[in-house]
Amino acid sequence: MKYFIHTYGCQMNIHDSEKIAGVLESLGYTATSARDSADIVVFNTCCIRETAEQKIYGHIGELKKIKRNKPDMIVVVCGCMSQQDGALDKIKESYPFVDIILGTSNLNMLRDAVVAAQQKKRLYNVDFINYCEEDFYQARTSFPNAWVNINYGCNNFCTYCIVPYVRGRERSRPLKNILNEVKSLLEEGYKEITLLGQNVNSYGHDLQNGETFALLLNEIGQLNYKFRLRFMTSHPKDLSKEVIDVVAKYPNICNNIHLPVQSGSTEILRRMNRRYTRENYLDLIKMIRAKIPDAGITTDIMVGFPGETEQDFLDTLDLVRQAKYSSAFCFIYSRRKGTPAYSMENQITYAVKRDRITRLLACQNEVTKEISQTMIGQRYEVLVEGPNTHYVNTMCGRTESGRLVNFKCDESMIGQFVTVEIELAKSATLWGKIILGD
Ligand code: SAH
Ligand code: SF4
Ligand code: F3S
């Protein structure tokens, strides 16, 4: 019996898919890359933007004909999209061939649901249970990296964002459990650990036992293995001096901070409910650069939030130049039903959004190019992460600061740390050669 999982959205979902794969493997299924001949097809969905959602509905629809010829195929829809208000009814009505629909906090029901579906019984459950998933066997797929959840959900309610509605309130895992998971992964040979949370900096607030993100980093930083620790995402309003100090202190903790700014205009930030100003944010960047001079700072930026004026947008461009991000994920604001921004006045036209995203991408490109130029001829430690599938015998990996580098070497090197000298910079991607005996 074979399974195929479509994974959409963020790292959180990539990691949830590893848990889903673990459940399916424990039931005797093995992975296949041929979706249409699989015995079970899972859609682990995302609804952060409308385009993501439309694409997923399209992909689910593709299975209608296939399932008609293959009635025993089990189709599962889970993840953020199915947790939205009204999604359950919509899926049941428009895609009646779907056997299992589960919300983001019902993955623990997957096993029973699959067993029931094998007997042709359907199971739909999107009731929200605010619990922490702790006891999953995980079929990990991203060696040498391993994802580790530290907190689930989000309490911030940025006015544009659907995540708090589909992932629920913030729940932190006990520090001891996280530490044990990290230790056993390092024992198994993983070389990079990425801690996951919508807002890692508020880790522990709900535990009220003194456990904080800085304390967690401090514990992991002391582990005596050759490995890298990364984390995402940092909300600027909660990134503390203590956290920056711990990152600076331990060589195991990467000097790479993903710090989504969203907008460079204080007025837009206020209406987004981000709870920091442009000045607070730039001060934070200054503090990071002072304590961690070689830090790679990355960000998420949105254009076309309701009411965004040309001046607001110019403020964003100016902030991008000042912050000197090594890269930025840039998005066009997408109206999400159920969020406060959905009903705000002065929604921006698509033409204006398109124009702004083009200019934003060009601006960030310039910044990235400038940074890349300074890296040529320099040597960096790189973890060999996996093949670059466009070229033969070419692997890629990242510098500690998070920059992607391509270089020649064979697959047997995956999971090893090498020294790479940068030879060529093509905007976001760097090319280099391994320096032996270093
Ligand atoms: N918790 C993280 C972000 C998770 S969503 C944080 O606070 O930074 C990832 C990114 O998607 C966000 O940073 C934002 O830039 C973008 N995003 C979220 N909602 C969006 C929407 N409605 N339209 C467009 N982009 C959105
Ligand atoms: Fe969404 Fe804001 Fe929470 Fe991030 S912090 S998940 S953008 S509500
Ligand atoms: Fe992630 Fe998309 Fe959900 S970005 S948290 S999978 S809505």
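Side chains are part of it too, since the values below use all heavy atoms of this structure and drop only hydrogens, waters and symmetry mates. All ligand and atom numbering here is 1-based and tracks the order in the structure.
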| query | So is R167 in contact with ligand 2, going by heavy-atom distances below 4.0 Å? | reply | no
| task | Report the part of P164 in contact with ligand 2, treating N, CA, C, O as backbone and CB onward as side chain, heavy atoms under 4.0 Å; options are side chain, backbone, both, neither. | result | side chain
| remark: Note: heavy atom closest to atom 4 (S) of ligand 3, options A52, C10, G153, belongs to C10
| Hey, looking at atom 15 (O) of ligand 1, which of M302, M12, Q262 has the closest heavy atom? | Q262
| query | Are Y333 and Y160 close enough that their ring centers fall under 6.0 Å? | reply | no
What residue and heavy atom of the protein are closest to [atom], and at what distance?
atom: atom 8 (O) of ligand 1; answer: P260 CG, 3.0 Å
atom: atom 2 (Fe) of ligand 3; answer: C46 SG, 2.4 Å
atom: atom 11 (O) of ligand 1; answer: R49 NH1, 3.3 Å
atom: atom 7 (S) of ligand 2; answer: Y160 OH, 3.4 Å
atom: atom 3 (C) of ligand 1; answer: Q198 OE1, 4.0 Å
atom: atom 5 (S) of ligand 3; answer: Q198 NE2, 3.4 Å
atom: atom 8 (S) of ligand 2; answer: C158 N, 3.3 Å

Would you say [X] touches ligand 1, if touching means a heavy atom closer than 4.0 Å?
X: T233; answer: yes
X: R274; answer: yes
X: I332; answer: yes

| request: Starting from the C-alpha separation in whole Å, work towards a yes-or-no answer on side-chain contact (heavy atoms from CB on, under 4.5 Å) for I14 and S142. | output: CA-CA 9 Å; I14 296 176; S142 57; 5.9 Å; no
| task | Using the six-membered ring wherever Trp is involved, compare the ring planes of F329 and H258 and label them parallel, tilted or perpendicular (cut-offs 30° and 60°). | result | perpendicular
| field | Parallel, tilted or perpendicular: rings of H6 and F43 (30°, 60°) | value | parallel
| query | Yes or no on side-chain contact (heavy atoms from CB on, under 4.5 Å) for M287 and I244, after CA distance, side-chain angles and deciding distance? | reply | CA-CA 8 Å; M287 176 158 73; I244 300 171; 3.6 Å; yes
Give the atoms of ligand 3, by number and element, whose distance to some non-hydrogen atom of [X] is under 4.0 Å.
X: N13; answer: 6 (S)
X: C47; answer: 7 (S)
X: C80; answer: 3 (Fe), 5 (S), 6 (S), 7 (S)

Salt bridge [X]-[Y], side-chain N to carboxylate O under 4.0 Å:
X: R278; Y: D312; result: no
X: K2; Y: D39; result: no
X: D245; Y: K241; result: yes
X: R230; Y: E192; result: yes
X: E385; Y: R398; result: yes
X: R167; Y: D16; result: yes
X: E62; Y: R35; result: yes

| query | Using heavy atoms and a threshold below 4.0 Å, how should the contact between Y160 and ligand 1 be classified: side chain, backbone, both, or neither? | reply | both
| query | What part of I48, side chain, backbone, both or neither, has a heavy atom within less than 4.0 angstrom of ligand 1? | reply | both
Could you list the atoms of ligand 2 found under 4.0 angstrom from a heavy atom of [X]?
X: R274; value: 2 (Fe), 7 (S)
X: F157; value: 8 (S)
X: C154; value: 3 (Fe), 5 (S), 6 (S), 8 (S)
X: V163; value: 6 (S)

| said: Taking the six-membered ring of Y57 as reference, does the cationic atom of K90 (NZ for Lys, CZ for Arg) lie under 6.0 Å from its centre and within 45° of its axis? | reply: yes
| Between L207 and S172, which heavy-atom pair has the shortest distance, and what is it? | CD2-O, 3.5 Å
| Would C161 count as a contact for atom 1 (Fe) of ligand 2, in the sense that one of its N, O or S atoms lies under 2.8 Å from it? | yes
| field | Contact check: H235 to atom 2 (Fe) of ligand 2, N/O/S below 2.8 Å | value | no
